Every structure is written in structure tokens, then in C-alpha cells.
Undergrad: 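Submitted below is the structure of interest, expressed as C-alpha cells.
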Amino acid sequence: MNWRKSTYSGGGEGNTCVEIAALSTHIAIRDSKAPARATLSFPARSFGAFIESVKRSRG
């Protein structure tokens with residue numbers, strides 16, 4: 001998987017970093033401080049709806 005830091009992670013020291021990886025039909029999420037531990041996986045469409053909801057609530 002090709003992991004990258006989420007744009008929604010905190011800045012600075014990276015102490016609130018979440019990494020994401022786009023798969024063919026899902027989005028995987030992990031804690032960058034514990035990359036060998038479990039990951040969460042969501043259907044891409046559901047993850048997109050979640051992100052849009054977060055954007056609206058921050059507005």
C-alpha cells in the first residue's frame with residue numbers, strides 16, 4: 001500500500017498524524033505512530049461522504 005499523511009491530520013510535530021491509502025474500492029486508515037497495528041478500511045464512497053460531512057460541519 002502507498003500510505004500518505006492525511007490532509008486532515010494536525011500540523012507541527014505530527015503528533016496527531018493519520019495516514020491513508022487509497023485502494024481500488026476502499027480507503028485504508030492507520031495511526032502513523034503505530035503503523036504495524038490494525039488499520040481501518042472503508043468503502044471509498046462512504047469515506048468520501050464522511051469527509052464531505054466533516055467539511056460542512058467545520059464551515
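Please read all numbers here as calculations on a predicted model, not as lab measurements.
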Undergrad: Only counting residues at least two apart or in another chain, list the ones meeting side chain to side chain contact (heavy atoms under 4.5 Å, CB included) with Ser46.
TA: Pro43
Undergrad: Measuring from Ile51:CD1 to Ile20:CD1, what's the distance to the nearest 0.5 Å?
TA: 7.5 Å
Undergrad: List the residues meeting side chain to side chain contact (heavy atoms under 4.5 Å, CB included) with Ala28, not counting sequence neighbours, and say none if there are none.
TA: Met1, Trp3, Ala21, Leu23
Undergrad: Heavy-atom distance under 4.5 Å between the side chains of Ile29 and Val18, does that happen here?
TA: yes
Undergrad: Once rounded to the nearest 0.5 Å, what's the spacing between atom CZ of Phe50 and atom NZ of Lys55?
TA: 12.0 Å
Undergrad: Show every salt bridge (Lys or Arg N to Asp or Glu O under 4.0 Å) that has at least one partner inside residues 22-32, sequence neighbours left out.
TA: Glu19-Arg30, Asp31-Lys33
